[in-house]
Amino acid sequence: MATCSYTVPDKNVTGDNFYGASICNQTYIDYFWNTYGFAGNKDYWDDGFGWEDACNTDKPLARTFNACYLLTYSAQDYQNDAYSGPMLNWARRYVRDNCDDLRSLCGDGSAIARSFKGAFVDDRIELYLGFWYSKDVPGRAETLIHESRHQGGKPHNANFPAGSVFGAGKSGADSTWGYEGAWMYGALYLWWFFAQGARTTSALRERARQRGNLVIDNAFATHPGFNI
Ligand SMILES: [Zn+2]
């Protein structure tokens, strides 16, 4: 972290003050640490990333915990995470089942996060500065879901469409909504969170809607044909 430099955006806008009031609790910290792939990776989360300062929402660890809290508790009946129910309920389970190695790094600015998976690869998800400092808390949960979908075996399979803010013509898009890829998982979650998110604020739900629509409009080679 000594080589990372960043500025902390307005924490009222991003939701970090809101969720930060909840995560500073050893029960939650232990649960998130052991459930979402932090365990065994202390070396990635110390030295400025927040391991010694887990309640400080200026730092990456607490900002990740904020996303873990949103992911875990945003369904009214969050304890029911059956895959037969709404994604708002089972997204926490999907990340729990697919994200067992979560690391923090500065990154080079070219990505928010990356998923590594393969026969000769140490399967893992890496988070970079943009994850903590360019995304709000719902957007970070979206990224955890997105990268977990890659760990679950769904790579991107198309190029971004003309006009895409993610880079028209570049690889990294999903072909269609029906492909059920990482972008669809992220957008679907944001949609549910907008519609029915609990233990949050109406402002953050609205931000989730806007981010979900940005994904829908820019991340599919064939536009799904609807918006949130
Ligand atoms: Zn991706």
Side-chain angles (χ1 to χ4, degrees), residues 36-38 41 44 60 63-64 67-68 70-71 83 87-88 90-194 207-224 227-228:
Y36 295 120
F38 299 91
N41 282 337
Y44 286 91
R63 296 172 80 85
T64 311
C68 293
L70 185 155
L71 180 70
Y83 282 123
M87 189 183 191
L88 193 61
W90 58 254
R92 61 181 300 211
R93 179 177 177 185
Y94 192 80
V95 175
R96 185 170 80 228
D97 287 350
N98 289 283
C99 175
D100 65 357
D101 189 339
L102 186 66
R103 304 179 184 183
S104 62
L105 295 97
C106 299
D108 63 6
S110 64
I112 298 280
R114 283 210 173 90
S115 165
F116 297 83
K117 186 177 178 66
F120 302 102
V121 173
D122 186 2
D123 293 349
R124 66 193 187 277
I125 292 171
E126 293 185 352
L127 304 175
Y128 308 121
L129 285 180
F131 174 83
W132 303 292
Y133 302 109
S134 75
K135 300 205 84 177
D136 58 19
V137 180
R140 277 171 239 154
E142 174 215 345
T143 298
L144 292 176
I145 293 163
H146 179 122
E147 301 305 330
S148 294
R149 186 58 170 156
H150 290 320
Q151 288 289 301
K154 278 278 193 176
H156 295 304
N157 68 341
N159 295 334
F160 291 109
S164 171
V165 297
F166 299 121
K170 284 175 27 183
S171 64
D174 289 341
S175 52
T176 63
W177 184 265
Y179 174 65
E180 298 190 356
W183 289 115
M184 181 271 202
Y185 266 46
L188 183 62
Y189 183 79
L190 291 168
W191 194 337
W192 275 107
F193 181 80
F194 165 66
R207 286 177 67 88
R209 185 182 74 86
Q210 292 173 10
R211 169 68 189 177
N213 280 332
L214 183 123
V215 170
I216 287 173
D217 289 339
N218 292 277
F220 297 89
T222 300
H223 193 286
N227 282 104
I228 301 168

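In listed order, ligands and their atoms are each counted from 1. Not measured: the values here are computed from a predicted model.
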When the ring planes of [X] and [Y] are compared, do they come out parallel, tilted or perpendicular, using 30° and 60° as the limits?
{"X": "W177", "Y": "F220", "result": "tilted"}
{"X": "H150", "Y": "H146", "result": "perpendicular"}
{"X": "Y94", "Y": "Y83", "result": "perpendicular"}

Using 2.8 Å as the cut-off, note every protein N, O or S atom close to the Zn ion (ligand 1).
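Protein N, O or S atoms closer than 2.8 Å to the Zn ion (ligand 1): H146 NE2, H150 NE2, H156 NE2.
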Can you confirm whether the side chains of S171 and N159 place a donor and an acceptor under 3.5 Å from each other?
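Per modelled atom types, S171 and N159 side chains form no pair under 3.5 Å.
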Salt bridge flag under 4.0 Å for residues R149 and D174:
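Looking at R149 and D174, the cut-off is not met.
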Tell me if the centroids of the rings in W183 and F166 come within less than 6.0 Å of each other.
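Under 6.0 Å, so yes.
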